[in-house]
There are 2 protein chains.
Amino acid sequence: MLNHATPKISDRMEPVSPSAIRETFKFTSMPGMISFAGGNPNALTFPSAEFAALSAELMEKNPVGVLQYGISEGFGPLRELTKSRCREKFHIGAEDDDILLVSGGQQGIDLSLKCLTDEGDCVVSENPSFVGGLNAIRSYNVKLLGVPMDKDGMDTDALEHVLKTEKRVKLIYTIPDFQNPMGVCMSLARRRRLIELAERYGVTILEDSPYHELRYGGEALPSLKSLDSTGHVIYCGSYSKTVAPGLRVGYLILDGALAPKFTAAKQVTDVHTGNWPQMLIAEYLTRFDFDAHVEHCRDVYRVLRDAMVQGLTRNLAGCDSVRFTRPEGGLFIWVDLPGGKSGYKLFEALLGQKLAVVPGSAFDPAGKRDKSGVRLNFSMPTKEQIEQGTAIFGETVREFMA
Amino acid sequence: MLNHATPKISDRMEPVSPSAIRETFKFTSMPGMISFAGGNPNALTFPSAEFAALSAELMEKNPVGVLQYGISEGFGPLRELTKSRCREKFHIGAEDDDILLVSGGQQGIDLSLKCLTDEGDCVVSENPSFVGGLNAIRSYNVKLLGVPMDKDGMDTDALEHVLKTEKRVKLIYTIPDFQNPMGVCMSLARRRRLIELAERYGVTILEDSPYHELRYGGEALPSLKSLDSTGHVIYCGSYSKTVAPGLRVGYLILDGALAPKFTAAKQVTDVHTGNWPQMLIAEYLTRFDFDAHVEHCRDVYRVLRDAMVQGLTRNLAGCDSVRFTRPEGGLFIWVDLPGGKSGYKLFEALLGQKLAVVPGSAFDPAGKRDKSGVRLNFSMPTKEQIEQGTAIFGETVREFMA
């Protein structure tokens, strides 16, 4: 008999490891550790009571609808509800567009790559960017190129340079609202420029916008999709941050001409998204005031965002060279050290003081190159933890910079 | 402004269309149509009452567990329950094996392809085979080669010929139990031979076994996984046919050395399977008698299988050249016409008589080549529909053969 043999892993999966952020989570369960490392929504925002009633009722009234196979495009009523809400409230989705319900925003990214990129093509992302998006891109054996970020989002001049020099760019992956990890929004001027570039170079934009509705202040900016009149933007939305992530429901709003292939891709991937979460959200949207619920989510997060911004301001007083973003929404703040100091070493120093953050290297499109920044999350810790944690942060940064 | 432009679809998705079987479903909703074309489990087998109680309780007692992000490997208690049941009852899964919960068997197939095949590699399937499996394979831009089936399953001599001549075979996709569409089981001798070939040629076997527990008579056969001692078999199981498909929960039992990459693939694809269906099934397995429930499913299907076999026997009396399988389990019967007559033309003739079946061409690995067979499903129609439908079938076949 032959020996035990482990098969060769595909070239596409060889470079993909479970998220580096998840690896840092093992520290967060250590006793006494305060964690600013997470990225989950706060359970206080979940409509648990309403769902308990709806869930019981759904299964009692329509068990076959919940339990039998559903359709790949998604549960009809939720498609309609989502489509009209996006259109009426945010001008997202045009006459010729279609909507596909997916198993969370992550699957929206995955299906876009599956349908629109070939191996050896090039995909552009922001640098730094969401590790789940980057890993999804890597798993398609494409060339992943990062374009620098600043306080106004992706640097569109740097993007144009890439588009001029790289022949096979198929997709531009961007998080224009409250970007993960930096917390910033792309400026209106850059949004317009990005669409113009996508049109000129014939490239599709994948607009990943899970935090779109989580704005706690400032002026709302139009989504890329709402500015697009030539079918160059695919909008990837999610119910993970405004309802609950454990349900795994997101959506793609895209040119109707693309819908049949995306539906086929969904079908070969997992047939359809589970019926129960789709039906539950549809009932919830129909019978409760969703706008009021989203307002409640904003209220919860605004307090935490304010606490963290105030804590950092207070504890970094005098350290003017250390800059941090003051996000108008989303879940994250980015702290940047001067003079190219190592974010990874700061991360290690903070761990020693029982504060977990995520080093910027986790968000690097090119691999795990060290960055001068770290990401702080304010959606998960309590106000008290934010106060203690920002004090530790300030003290450690001062020592670190000394 | 540039004109509206639809981006180019990737090479991998270009040849993949939504399932041809789904296309036949539009006929099944025509008034007066009897359908043997489906493939769904019968809703009579769903544990709806138990689920109504469990669902309400779950959401009331542990809303955060249901609604917050879960882990990519799957809900711990369900992993343990599934692993021990498979091991204790069917000897599926060895000491070094791991289990990964996935969003239905379809995702198990998808992740196996993602992790183990490169573009240009070769994947072998049975011919005919499950269209969802074939389309998943096609969507990885690999060379898909079908190996003929007979009443004992995949022809392992023909398989060896392929393995000798094709250098890049990475995966053998097989449904050894109550195969879709033929309803037959792979013989024990061929199971042993298949594993021997996989070992000799260093190829992984993907054992897709959604109908494994749905045996209505005859002797149980050991799964390929239980016969494998060298890590060459990945077992893909499903709760779709023994609990309910709308929950989208399946599982992969595989060599522990593969688990980290498969987990990473799951993470980039959809982060994790929804918590609620996993928790619901775990509670159900813990608090109810699952073996008794599976026995109930078998009782429901045995009656329908018997009705269809008897109906075909009665209505095809004298047509000895028309052969059909007498499956000991699963959901399907395959009818084969003599002399290479067209299964597609029979499908059309049957539609004219208001009976929907699926033409064999839908299950062709090479494309949609006509076959001499059609697939009949007995899990969805009522006993009365089976009696009427087999009468129509017999009459139409007689005319067709005349």
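To find a chain, count down the sequence lines: A is the first, B the second, and so on, and within it residues start at 1. The shown structure was predicted, so the numbers you read here are calculated from the model rather than taken from an experiment.
- No part of B:Ile195 comes within reach of chain A, as not one of its non-hydrogen atoms sits under 4.5 angstrom from that chain.
- Ranked by heavy-atom pairs shorter than 4.5 Å toward chain B, the options A:Lys266, A:Lys8, A:Glu119, A:Glu14 are led by A:Glu119.
- For chain A, the option among B:Glu60, B:Gln68, B:Met59 with the highest count of heavy-atom pairs below 4.5 Å is B:Gln68.
- Chosen from B:Thr204, B:Val16, B:Asp11, B:Thr273, the residue pairing most often with chain A at heavy-atom distances under 4.5 Å is B:Asp11.
- For the set A:Gly274, A:Pro63, A:Ser55, the entry with the most heavy-atom pairs within less than 4.5 Å of chain B is A:Ser55.
- Only the backbone of A:Leu113 has a heavy atom closer than 4.5 Å to any heavy atom of chain B.
- Classified by interplanar angle (parallel below 30°, tilted 30° to 60°, perpendicular above 60°), the ring pair A:Tyr284/A:His293 is perpendicular.
- Under a 3.5 Å cut-off, the side chain of B:Ser379 and the backbone N or O of B:Gly39 do not form any donor-acceptor pair.
- Cation-pi geometry between A:Lys114 and A:Phe262 is not met at under 6.0 angstrom from the ring centre and within 45 degrees of the axis.
- Nearest heavy atom pair, residue A:Ile109 against residue A:Gly133, reads CD1-CA, 4.1 Å.
- For B:Asp98 against B:Ala259, the heavy-atom pair with the smallest separation is OD2-CB, 3.4 Å.
- Chain A forms the most heavy-atom pairs under 4.5 Å with one residue out of B:Pro245, B:Ala257, B:Ala56, and that residue is B:Pro245.
- Under the 4.0 Å criterion applied to side-chain N and carboxylate O atoms, B:Arg168 and B:Asp118 are not assigned as salt-bridge partners.
- The side-chain tip of A:Lys167 does not point at the ring of A:Tyr201 from less than 6.0 angstrom away and within 45° of straight on.
- Residue with the most contacts toward chain A among B:Leu258, B:Leu54, B:Thr263, B:Leu111: B:Leu258 (heavy-atom pairs, distance under 4.5 Å).
- If you measure heavy-atom distances from A:Pro7 to chain B, the contacts under 4.5 Å come from both the backbone and the side chain.
- Side-chain contact check for A:Ile9 versus B:Leu116: some heavy-atom pair is nearer than 4.5 Å.
- The residue among A:Ala52, A:Ser240, A:Ser10 with the most heavy atom pairs within less than 4.5 Å of chain B is A:Ser10.
- In terms of heavy-atom pairs under 4.5 angstrom with chain B, the leader among A:Thr117, A:Thr269, A:Asp255, A:Val102 is A:Thr269.
- Taking 4.0 Å as the cut-off between side-chain N and carboxylate O, B:Glu196 and B:Arg192 do not count as a salt-bridged pair.
- When A:Pro41, A:Ala244, A:Ser139, A:Cys115 are compared by the number of non-hydrogen pairs under 4.5 Å with chain B, A:Cys115 comes out ahead.
- Contacts between A:Leu280 and chain B at a heavy-atom distance below 4.5 Å involve the side chain alone, from C-beta outward.
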